[in-house]
Amino acid sequence: MKNFILMNGLELEGKELQAYYYVLSKKQKMLESIDCTNSNYLRKTDFRNCMMHFELKDKDENSLIADKNFDLAIPFCGLVETQFGLSYAEYQVMLETELIHLYEKLNIYLGFDLL
């Protein structure tokens with residue numbers, strides 16, 4: 001039987017090739033089933049940049065935490081309240097719900113059970 005060499009250098013034949021394309025089709029279906037549109041507005045560029053680069057100002061040097069929300073006694077000191085208009089507890093519940101939903105989608109295709 002003739003071997004096929006794929007773009008990534010993997011050499012497959014017969015059933016291996018069928019299995020490879022089966023996995024690719026499952027991966028495509030999985031990716032299409034995940035909503036990446038940020039429809040619940042849980043992601044914001046300024047918030048992400050603050051978390052990744054430890055900068056409390058946006059690209060125009062404006063503070064990412066409004067003075068009225070600044071409070072050292074709460075998680076993120078008012079960043080979540082300013083960026084999302086939610087309390088930290090509300091944001092955490094929404095984020096955890098979204099993560100569980102994503103886990104369930106991935107679990108359909110990948111078949112792992114970690115929760």
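All values below were derived from every heavy atom in this structure, side-chain atoms included, with hydrogens, water molecules and symmetry-related copies excluded. Starting from 1, each residue takes its place in the sequence as its number.
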Please report the shortest heavy-atom distance between Met51 and Leu79, naming the atom on each side.
CE-CD2, 3.6 Å
Shared hydrophobic cluster, Leu64 / Leu72 (ILVMFWY, side-chain heavy atoms < 4.5 Å)
yes
Could you tell me which residues satisfy side chain to side chain contact (heavy atoms under 4.5 Å, CB included) with Asn49, sequence neighbours excluded, listed by chain and number?
Thr45, His53
Check whether more than 12 heavy atoms from other residues, nucleotides or ligands sit under 6.0 Å from atom NZ of Lys57, and answer yes or no.
no
With Glu55 via side chain to side chain donor-acceptor pair (under 3.5 Å) - residues at least two apart:
none
For residues 85-95, dump all side-chain donor-acceptor pairs below 3.5 Å to protein atoms at least two apart in sequence or in another chain.
residue: Ser87; atom: OG; partner: Glu90; partner atom: N; Å: 3.1
residue: Ser87; atom: OG; partner: Glu90; partner atom: OE1; Å: 3.3
residue: Glu90; atom: OE1; partner: Ser87; partner atom: N; Å: 2.7
residue: Tyr91; atom: OH; partner: Leu42; partner atom: O; Å: 2.8
residue: Gln92; atom: NE2; partner: Glu96; partner atom: OE2; Å: 3.2

Other cluster members, Ile74 - Ile/Leu/Val/Met/Phe/Trp/Tyr, side-chain contacts below 4.5 Å:
none
Phe76 side, atom CZ; Glu81 side, atom CD - distance, nearest 0.5 Å
10.0 Å
Going by side chain to side chain contact (heavy atoms under 4.5 Å, CB included), name the residues that satisfy it together with Leu102, two or more places apart in sequence or in a different chain.
Ile34, Leu106
Contacts of type side chain to side chain donor-acceptor pair (under 3.5 Å), residue Asp58, not counting sequence neighbours:
Asn62
Any side-chain heavy atom of Leu56 sitting closer than 4.5 Å to one from Cys50?
yes
What is the distance from atom CG of Asp46 to atom CG of Asp60, rounded to the nearest 0.5 Å?
9.0 Å
Is there side-chain contact between Arg48 and Lys44, with at least one heavy-atom pair below 4.5 Å?
no
